Amino acid sequence: MNSSIELLPDTCDILVIGAGPAGSAAAIFLAKAGLDVVMIDQHVFPRDKICGDGLIPDAHRALARLGVLDEVMRQAHPSGFVSCISPRGGRVDVPGTVAVLPRKQLDDILCKAAVAAGARMFAPVRFNASIEEGGKVVGARLGHQDEVREVRARWVILATGAVPQALMATGMARRQTPTAIAMRCYIKNDAMAGKIDKLEIIWHRKLAPGYGWIFPCGDGVFNVGVGVGLSGVPDAQASKPGASKGRVSTANLHQMFDTLGTLTESARELMAGGTRLTPLKGAPLRCTLHGATLSRPGLIVTGEAAGSTYAFTGEGIGKALETGILAAEAILQGKAQDEAGVRAMYESHIDALRPRFALYERANLVNRYPWFADLLIWRARKSPRLQRRLSGVLEETSNPGSLFTVKGFVRLFTE
Ligand SMILES: Cc1cc2nc3c(=O)[nH]c(=O)nc-3n(C[C@H](O)[C@H](O)[C@H](O)COP(=O)(O)OP(=O)(O)OC[C@H]3O[C@@H](n4cnc5c(N)ncnc54)[C@H](O)[C@@H]3O)c2cc1C
């Protein structure tokens with residue numbers, strides 16, 4: 001990693017802004033294909049990222065495509081199940097390819113893989129503005145402290161996550177406010193190491209319209225958090241000044257977190273006897289592929305900047321990786337085509353993901369009406385077939401939304 005902004009080149013093929021999962025995934029694919037890739041981030045890596053650190057099956061698949069899954073799994077805490085816990089204390093363990101790895105480690109592995117593939121990484125360097133000529137983005141104005149540099153590129157990939165500033169600076173923000181917010185901290189409690197070995201998701205009316213989680217990171221450390229959504233608010237409405245001062249900012253996440261520690265026996269034991277390793281910190285989420293224009297001449301928006309996080313679960317690492325790969329593939333496959341062809345290909349691949357995101361938005365119903373979790377988990381405990389369906393949702397081999405149609409509701413009582 002280069003720490004000096006002075007070393008930035010004047011030109012490159014691709015300039016990637018943001019070295020999270022989306023940016024690094026795009027950089028790995030493009031650099032492997034022989035393109036001259038420069039990646040920048042405002043933070044020096046390894047850096048922390050507020051997250052639940054859960055790696056669900058889509059992330060495992062994308063990490064395998066990027067060639068880093070083995071390295072990730074050497075450091076991660078593997079778990080074969082997600083435990084869904086309902087308001088009345090019902091519990092069903094849904095089998096799935098899941099693991100937990102703190103983002104400090106995961107994102108460092110990805111960033112290093114991009115550098116190993118040939119990308120040049122510069123940090124701390126901040127994206128300030130795009131350089132435009134005739135309506136086309138031809139590069140970016142970058143800065144660190146008082147120093148400012150201009151880098152020109154054939155394509156700029158914006159992978160800046162859920163914070164809207166870069167989207168706003170490039171005219172790509174359709175929505176400035178987040179669609180959800182979540183908070184987490186790390187708690188150490190060696191006595192709980194063997195007792196919580198699955199990823200636990202907890203629904204309760206006291207957490208509605210959100211949920212809580214306890215994810216084991218290994219060595220008696222747990223990522224514990226709560227999240228709450230503001231889904232259903234259309235982009236235009238949410239962009240109005242002050243619009244977010246509704247449900248999201250009034251939701252008292254600190255209080256929700258304390259409540260989480262009273263809801264199950266294991267949560268009580270973990271929190272009462274544990275030591276907080278980090279403060280409780282929050283971060284925004286951008287979900288359901290809403291909130292941003294996906295591309296304009298010379299610029300592609302990818303990852304959570306493009307809203308690539310699932311509404312129901314707040315999981316977004318896998319889809320950030322996937323959309324980063326899609327951006328790279330569109331640029332590579334569209335090499336011989338005109339620029340409009342690259343953009344059309346990228347946007348059509350993103351559009352193909354929309355039905356799944358829409359179904360996760362519908363599944364968000366469980367967060368709003370947690371009694372639904374009671375019903376679902378009560379039925380799942382009695383029905384191996386329903387457990388297989390839930391596992392299919394997690395593995396992305398079946399639709400989550402099928403559970404939330406009238407037909408799906410009837411099937412709950414018949415299978
Ligand atoms: C509390 C919480 C819990 C979550 N839990 C999970 C979970 O368990 N599993 C899961 O899959 N997902 C989870 N998510 C969602 C997940 O964190 C995101 O979906 C994922 O990080 C998106 O990746 P990304 O690469 O698009 O963006 P990011 O990971 O946010 O990376 C963006 C990068 O861009 C850089 N950047 C931003 N602006 C600039 C700028 N102007 N100049 C230079 N650099 C810039 C940032 O420093 C950052 O490194 C959670 C989110 C939150 C908030």
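Whatever order the structure lists them in is the order used to number ligands and atoms, beginning at 1. None of the values given here were measured: they were computed from a predicted structure. Note that these values count all heavy atoms, side chains included, but never hydrogens, waters or copies made by symmetry.
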Novice: Specify side chain, backbone, both or neither for Asp53, according to which of its non-hydrogen atoms lie closer than 4.0 Å to ligand 1.
Specialist: backbone
Novice: Pairing donors with acceptors under 3.5 angstrom, does anything connect the side chains of Glu395 and Thr397?
Specialist: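 No.
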Novice: For Arg126, is there an ion pair with Glu147 - N to carboxylate O distance below 4.0 angstrom?
Specialist: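 No.
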Novice: Using a 4.5 Å cut-off on heavy atoms from C-beta on, say whether the side chain of Phe312 contacts that of Cys287.
Specialist: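 Result no, sub-4.5 Å side-chain heavy-atom pair not found.
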Novice: So, is Ala320 polar-close to ligand 1, with some N/O to N/O distance under 3.5 Å?
Specialist: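 The answer is no, given that Ala320 and ligand 1 share no N or O pair closer than 3.5 Å.
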Novice: Please confirm whether Gly316 comes within less than 3.5 Å of ligand 1 when only nitrogen or oxygen atoms on both sides are compared.
Specialist: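 Indeed, backbone or side chain, Gly316 has an N or O that close.
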Novice: Does Asn367 use its side chain to pair, donor to acceptor, with the backbone of Val228 at less than 3.5 Å?
Specialist: no
Novice: Does any donor atom in the side chain of Glu347 or Ser295 lie under 3.5 Å from an acceptor atom in the other side chain?
Specialist: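 Checked: Glu347/Ser295 side chains pair up, N/O donor to acceptor below 3.5 Å.
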Novice: Hey, are Lys195 and Asp197 close enough for a salt bridge, meaning a charged N less than 4.0 Å from a carboxylate O?
Specialist: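 Here Lys195 does not pair with Asp197 in a salt bridge, since their nearest N and O are not under 4.0 Å apart.
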Novice: Heavy-atom contacts with Arg47 under 4.0 Å: which atoms of ligand 1 show up? List them by number with element.
Specialist: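 By the 4.0 Å cutoff, the relevant atoms are 31 (O), 48 (C), 49 (O).
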Novice: Applying a heavy-atom cut-off of 4.0 Å, say which part of Lys319 lies close to ligand 1: side chain, backbone, both or neither.
Specialist: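 For Lys319, there is no contact with ligand 1 at all, from either part.
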Novice: If you count the atoms of ligand 1 from 1 in the order shown, which ones are under 4.0 Å from a heavy atom of Ala22?
Specialist: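 Once the distances to Ala22 are compared, the set is 25 (O), 26 (O).
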Novice: Return the closest protein heavy atom for atom 3 (C) of ligand 1 as residue, atom name and distance.
Specialist: Gly52 N, 3.0 Å
Novice: Of the side chain and backbone of Ile181, name the one, both, or neither that has a heavy atom under 4.0 Å from an atom of ligand 1.
Specialist: neither
Novice: Considering only protein heavy atoms, which is closest to atom 47 (O) of ligand 1, and at what distance to one decimal place?
Specialist: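 Checked against all protein heavy atoms, atom 47 (O) of ligand 1 sits closest to Asp41 OD1, 2.8 Å.
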Novice: Atom 43 (C) of ligand 1: which protein heavy atom is closest, and how many Å away?
Specialist: Gln42 N, 3.3 Å
Novice: Any N or O on Ile317 sitting closer than 3.5 Å to an N or O of ligand 1?
Specialist: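 Yes; the residue has a nitrogen or oxygen that sits under 3.5 Å from a nitrogen or oxygen of the ligand.
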Novice: Starting from atom 29 (O) of ligand 1, which protein heavy atom do you reach first, and at what distance in Å?
Specialist: Arg103 NH2, 2.8 Å
Novice: Quick test: of every protein heavy atom, which one is nearest to atom 42 (N) of ligand 1, and how far off is it to 0.1 Å?
Specialist: Phe127 N, 2.9 Å
Novice: May I ask you to list the atoms of ligand 1 that are less than 4.0 angstrom from any heavy atom of Gly314?
Specialist: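 Listed by number with element, the hits are 6 (C), 12 (N), 13 (C), 14 (N), 15 (C), 50 (C).
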Novice: Does one side chain, of Arg91 or Ser83, offer a donor that lies under 3.5 Å from an acceptor on the other?
Specialist: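 On atom types as modelled, these side chains qualify, holding a pair under 3.5 Å.
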Novice: Is there at least one pair of N or O atoms, one from Thr302 and one from ligand 1, spaced under 3.5 Å apart?
Specialist: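 There is no such contact.
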Novice: Verify whether one side chain among Asn364 and Tyr369 offers a donor that lies under 3.5 Å from an acceptor in the other.
Specialist: no
Novice: Answer with side chain, backbone, both or neither: which part of Ala159 has a heavy atom less than 4.0 angstrom from an atom of ligand 1?
Specialist: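 It is the backbone that touches ligand 1; the side chain stays farther off.
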Novice: Do the rings of Tyr211 and Trp203 sit parallel, tilted or perpendicular, given the 30° and 60° boundaries?
Specialist: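 Aromatic pair Tyr211/Trp203 classed tilted.
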Novice: Would you say the side-chain atoms of Lys188 pair up with the backbone N or O of Asp219, donor to acceptor, closer than 3.5 Å?
Specialist: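 Judged by distance alone, yes, a pair lies under 3.5 Å.
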Novice: Run the salt-bridge test on Arg61 and Glu396 with the 4.0 Å N-O cut-off and return the result as yes or no.
Specialist: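 Answer for the salt bridge query: yes.
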Novice: I want to confirm something. Looking only at heavy atoms, which of Ala283, Gly307, Ala169 is nearest to atom 53 (C) of ligand 1?
Specialist: Ala283
Novice: Suppose I only count heavy atoms of Phe215 and a 4.0 Å limit; which atoms of ligand 1 are within that range?
Specialist: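 So the atoms of ligand 1 that pass are 8 (O).
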Novice: Which one holds for Thr309 and ligand 1: side chain close, backbone close, both close, or neither close, with close meaning a heavy atom under 4.0 Å?
Specialist: side chain
Novice: Starting from atom 2 (C) of ligand 1, locate the nearest protein heavy atom and write down its residue, its atom name and how far away it is, to 0.1 Å.
Specialist: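 Of every protein heavy atom, Cys51 CA, 3.6 Å lies nearest to atom 2 (C) of ligand 1.
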Novice: For Val125, take its heavy atoms, then give the atoms of ligand 1 lying under 4.0 Å from any of them.
Specialist: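 Counting from 1, the qualifying ligand atoms are 43 (C).
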Novice: N/O to N/O below 3.5 Å, does that happen between Gly54 and ligand 1?
Specialist: yes
Novice: Below 4.0 angstrom from a heavy atom of Trp213, which ligand 1 atoms are there? Numbered from 1 as shown, please.
Specialist: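 Per the distance check, 1 (C), 3 (C).
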Novice: For ligand 1, does Gln165 get within less than 4.0 Å through its side chain, its backbone, both, or neither, judged by non-hydrogen atoms?
Specialist: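 The answer is neither; Gln165 stays 4.0 Å or more away.
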Novice: With a 4.0 Å cut-off on N to O distance, would you call Glu322 and Lys319 a salt bridge?
Specialist: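 Answer for the salt bridge query: yes.
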Novice: Assess the side chains of Thr302 and Tyr346: does a donor N or O sit below 3.5 Å from an acceptor N or O?
Specialist: yes
Novice: Could you check Leu277 against Cys185 for side chain to side chain contact (heavy atoms under 4.5 Å, CB included), going step by step and ending with a plain yes or no?
Specialist: CA-CA 7 Å; Leu277 298 180; Cys185 67; over 6 Å; no
Novice: Do the side chain of Asp374 and the main chain of Arg88 share a donor and acceptor less than 3.5 angstrom apart?
Specialist: yes
Novice: Near Leu285, which atoms of ligand 1 are under 4.0 Å from a heavy atom of that residue?
Specialist: 51 (C), 53 (C)
Novice: Tell me whether Pro21 has any N or O atom under 3.5 angstrom from an N or O of ligand 1.
Specialist: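 Yes, since at least one N or O of Pro21 sits under 3.5 Å from an N or O of ligand 1.
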Novice: Could you give me the CA-CA distance, side-chain angles and deciding distance for Ile187 and Thr278, then say whether side chain to side chain contact (heavy atoms under 4.5 Å, CB included) is met?
Specialist: CA-CA 8 Å; Ile187 294 181; Thr278 58; over 6 Å; no
Novice: What residue and atom, counting heavy atoms only, is the protein's closest point to atom 18 (C) of ligand 1, and at what distance?
Specialist: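 For atom 18 (C) of ligand 1, the nearest protein heavy atom comes out as Glu304 OE1, 3.0 Å.
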Novice: If the threshold is 4.0 Å, N to carboxylate O, is there a salt bridge linking Arg141 and Glu150?
Specialist: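 Salt bridge between Arg141 and Glu150, a charged N being under 4.0 Å from a carboxylate O: yes.
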Novice: Show the atoms of ligand 1 that are less than 4.0 angstrom away from any heavy atom in Gly18.
Specialist: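 Near Gly18, meaning under 4.0 Å from one of its heavy atoms, ligand 1 has 33 (C), 34 (O), 35 (C).
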Novice: Please compare Gly20, Gly324, Ala305 and report which has the shortest non-hydrogen distance to atom 31 (O) of ligand 1.
Specialist: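 Ranked by closest heavy atom to atom 31 (O) of ligand 1, first place is Gly20.
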Novice: If you have a sec, work out which protein heavy atom is nearest atom 30 (O) of ligand 1 and how many Å separate them, to one decimal?
Specialist: Lys49 CE, 3.4 Å
